[in-house]
Structures are given as C-alpha cells and as structure tokens.
Amino acid sequence: MAYMKIATWNVNSLKVRLPHLLDWLAATRIDVVCLQETKQDDTKFPREEIEAAGYRVAFSGQKTYNGVAIVSRTPLSDVQAGIPGFEDEQRRVLAATVGGMRVVCVYIPNGQSLDSDKYRYKLRWLKALNAWLREELMRYPALVLLGDYNIAPEDRDVYDPAAWVGSVLVSEAEREQFRALLDMGLRDSFRLFEQPEKSFTWWDYRAAGFRRDLGLRIDHILLSPQLANRCVAVDIDRGPRKLERPSDHTPVVATLTAP
DNA sequence: ATGGCGCGCGCAGCGCGA
C-alpha cells in the first residue's frame, strides 16, 4: 500500500450512525478511524458488524455519554484506555499501536460554560493529557493524537469569532492547552497544507447550521514530527454530513506515505 | 435570535452536546 489514511470522526451515537460508518469505510477504504461519542456500553458495541466489514476494533465505552473506539484494517496492539494516573469515570481516551504508529484517540470534554465545574474539569483533563503525552512522545516517536478536541484553536476556525467570545471551545485557557500540545512538537496536520477559508468540522443541528455553514473546526489530527514528515494531505470529508440523520461532526482524514 | 436539533433514557420530559 502506497498510502495510509487515518481519520477521526465523532459519530454522536454509534448505534444510530453505524450504517453511515460502514458505508463510509467501504467507500473510502480508510485504514484507521478513531471514533468518539459512541455512547454504548462495551457489551453493546457492534464488534461483529465492524469485523464483518474487514476491520479490527478496540473500544472503551459507557452508556449514554462519551465512549471512544479505534477501527483499523490491521491489528491493534498494546491497547490502553484512559490517561494513566488520572482518575476519570468518563470514557474519553483510547490508545493503541497500529502499523508502527501509536494512535491516541481522544474525546476532550466540552466544558459547557466558562463558569461551570465541567469547564474546570476540562482544564484539569487537558493538563493531565499534556503531561502524559509528553512522556508518550518520547516512547513513541511515531505518534498521532486525533479526536474531538472541543477546541477551535484560532479565530479562523470559528464562523463568527465575535459571537463566540466568552464561550467554551474558544477560551484562552483552552487554546493555551492546545498550543502546549504544539509546543511539545506535535503539528496540526490540517495546517500543514493550504486549506479553504471556513474549514469546519462541526455544525450545530439547530438553526440550519450546516446549510448556512455556521461551523467550527474542533476535530483535529496532531502528528509527531516523524509522522508529519510523511503526511501528504489532510481533508475534511463533508460527505457524511449531507446524509439523512447525520452526526453533527464530519470526518477529518490525513493521508500518510507508507513508512 | 435569548432558541432552534438530535441523542439517550424510557415512556414524559429532561440533561447534555457545542
């Protein structure tokens, strides 16, 4: 295989979106996709359907909220759920080694509002993620961190920055944590390339957000330097967002040359 | 436009997402 495609997609309920996922995998031949908001207990996870499509899968789920999974055409090894040493009942992190890469799938907390306990949790969570990844990067030079970050890193990632001042997803403390990831050497793969203005990955279900293109870029693929050197393209795939009953997020796909 | 929609749970209407 000349290229490897690795993707992230917040499916907002895997139960509802499984047909979209299977169709998308068949159409795109993606090698690895990290899922967020599966919202399913591990006992309910549709492992058989995904394996029947020719993929392996690792998952860490919970009922109603959160839940992450890594779907891969090649075997997954050294699967690890959660951030070591960080007590968290919420299933938001899953890491595995795939094709010589360390793949870290994250569903970063939303935060709700700046005065919320959930926001304080988000910042604590991000600090723990940063500290952990600093070590992981030393252990795994070929590392990719991908998922729903719930952070729009810059104003150009927001359809109307003025309207979002004072909100979660754009606050300075969150963006600082995002920059801390870049400061340890990770690259925002999307910005390695020329991209259209108004490149978004999420649109509110309300107010015809997608039709009016009122979106945010909050789903990201960060690459260690070694993987950034192999990255030849990164694209947002709006296709699944145009289907009936879509997720409010759309997939992001990075294309890497074979090692 | 202060909300709007979609999801899970569970069977009414609420919490949550972003």
Side-chain angles (χ1 to χ4, degrees), chain A residues 8-21 24 34-46 59-69 88-93 105-126 129 146-178 190 198-220 236 238 240-252:
Chain A
T8 181
W9 191 6
N10 179 325
V11 291
N12 186 19
S13 169
L14 185 55
K15 182 182 171 188
V16 174
R17 232 65 67 189
L18 184 62
H20 287 188
L21 174 67
W24 188 72
C34 291
L35 307 177
Q36 301 87 35
E37 287 207 80
T38 55
K39 299 187 178 180
Q40 282 176 318
D41 260 341
D42 288 348
T43 55
K44 300 256 179 76
F45 193 91
F59 45 89
S60 176
Q62 73 184 83
K63 191 168 71 169
T64 310
Y65 304 113
N66 311 308
V68 283
D88 194 359
E89 290 177 355
Q90 304 187 22
R91 298 288 184 254
R92 295 181 175 278
V93 176
C105 172
V106 291
Y107 176 44
I108 294 176
N110 170 281
Q112 198 167 60
S113 65
L114 300 193
D115 57 2
S116 162
D117 282 340
K118 296 191 174 79
Y119 180 70
R120 286 181 278 279
Y121 163 70
K122 180 178 194 174
L123 294 180
R124 274 197 300 116
W125 200 99
L126 281 164
L129 178 73
L146 63 179
D148 176 357
Y149 286 58
N150 273 316
I151 300 173
E154 301 176 64
D155 278 353
R156 61 177 165 164
D157 301 312
V158 180
Y159 67 90
D160 182 357
W164 277 78
V165 168
S167 301
V168 290
L169 315 195
V170 304
S171 75
E172 189 47 39
E174 294 164 67
R175 286 177 165 177
E176 201 173 292
Q177 289 297 316
F178 186 88
F190 189 74
K198 297 186 173 185
S199 285
F200 306 132
T201 65
W202 170 86
W203 300 261
D204 202 316
Y205 283 124
R206 297 167 292 186
F210 184 62
R211 184 176 55 73
R212 299 162 64 201
D213 202 20
L214 308 180
L216 305 176
R217 190 177 72 96
I218 54 177
D219 299 86
H220 308 293
I236 295 167
R238 290 180 176 229
R241 191 63 172 80
K242 298 171 183 168
L243 301 172
E244 289 294 317
R245 291 188 86 187
S247 169
D248 44 356
H249 295 252
T250 194
V252 183

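The separation between A/Leu18 atom CG and B/dG8 atom P is 13 Å, rounded to whole Å. As a whole-Å value, the separation of A/Tyr119 OH from B/dC16 P is 19 Å. One interatomic measurement links the two molecules: NZ of A/Lys118 to P of B/dA18, which rounds to 12 Å at whole-angstrom precision. Following rounding to the nearest Å, A/Gln62 (CD) and B/dG17 (P) show an atom-to-atom distance of 11 Å. For A/Trp164 and B/dG17, the CH2 to C1' distance is 10 Å, given to the nearest whole Å. In this structure, A/Asp248 atom CG and B/dG4 atom P are separated by 16 Å, rounded to whole Å. Atom C1' of nucleotide B/dC7 and atom CG of A/Asp41 are separated by 16 Å, given to the nearest angstrom. Rounded to an integer number of Å, the gap from A/Lys63 NZ to B/dC7 P is 19 Å.
Of the C1' atoms belonging to B/dT2 and B/dC7, the separation is 23 Å, rounded to the nearest Å. If you take atom C1' in B/dG15 and the same atom in B/dG10, they sit 14 Å apart, rounded to whole Å.
Listed candidates were B/dC7, B/dG8, B/dA18. Nearest to the side chain of A/Glu37 is B/dA18.
Not one side-chain nitrogen or oxygen of A/His249 sits closer than 4.0 Å to the OP1 or OP2 atom of B/dG17. OP1 or OP2 of B/dA18 sits under 4.0 Å from a side-chain N or O of A/Asn110. Within the 4.0 Å cut-off from OP1 or OP2 of B/dA18, at least one side-chain nitrogen or oxygen of A/Tyr107 is found. For the pair A/Arg245 and B/dC7, the criterion of a side-chain N or O lying under 4.0 Å from OP1 or OP2 is met.
Checked options A/Asp148, A/Thr201, A/Thr38, A/Asn150; the residue passing with A/Asn10 is A/Asp148 (criterion: side-chain hydrogen bond (donor to acceptor under 3.5 Å, both in side chains)).
Proximity of a side-chain donor or acceptor of A/Gln62 to a complementary backbone N or O of A/Arg91 within less than 3.5 Å is detected.
At a threshold of 4.5 Å between non-hydrogen side-chain atoms, the residues A/Lys118 and A/Pro109 do not count as touching. Between A/Trp9 and A/His20 there is a side-chain heavy-atom pair separated by less than 4.5 Å. For the pair A/Val68 and A/Gln36, the minimum side-chain heavy-atom distance is below 4.5 Å. No side-chain heavy atom of A/Pro161 sits under 4.5 Å from any side-chain heavy atom of A/Glu154. Side-chain contact between A/Ser116 and A/Lys122: absent, with no pair of heavy atoms (C-beta onward) separated by less than 4.5 Å.
Among the heavy atoms of the strands, none lies under 4.0 Å from A/Lys122. Across all strands, A/Asn66 comes closer than 4.0 Å to no nucleic acid atom at all (heavy-atom distances). Among the protein residues, A/Val16 comes within range of the sugar-phosphate backbone only, with heavy atoms under 4.0 Å from sugar or phosphate atoms but none that close to a base. Heavy atoms of A/Asn10 sit under 4.0 angstrom from primed sugar atoms or phosphate atoms, though from no base atom.
For A/Asp213, the side chain to side chain donor-acceptor pair (under 3.5 Å) partners two or more places apart in sequence, or in a different chain, are A/Trp203, A/Arg238.
From A/His220, atom NE2 reaches atom CD1 of A/Ile151 across 7.0 Å, with rounding to the nearest 0.5 Å.
Base pairing in DNA chain B gives the following stems of 3 or more Watson-Crick or G-U pairs, range against range and under 3.5 Å: B:5-9 with B:13-17.
Heavy-atom distances to DNA chain B give each of A/Pro246 and A/Gln112 a nearest nucleotide, and the one nearer the 5′ end belongs to A/Pro246.
The stretch residues 201-217 of chain A comes close to DNA chain B through A/Trp202, A/Tyr205, A/Arg206, A/Ala207, A/Leu216, each having a heavy atom under 4.0 Å from the strand.
Ionic pairing of A/Asp155 and A/Arg175 is present here: one or more N-O contacts between side-chain nitrogen and carboxylate oxygen are shorter than 4.0 angstrom.
At a cut-off of 3.5 angstrom, the base of B/dA18 holds no donor-acceptor pair with the side chain of A/Asn150.
In this model, no donor atom of one side chain and acceptor atom of the other lie less than 3.5 Å apart for A/Gln90 and A/Tyr65.
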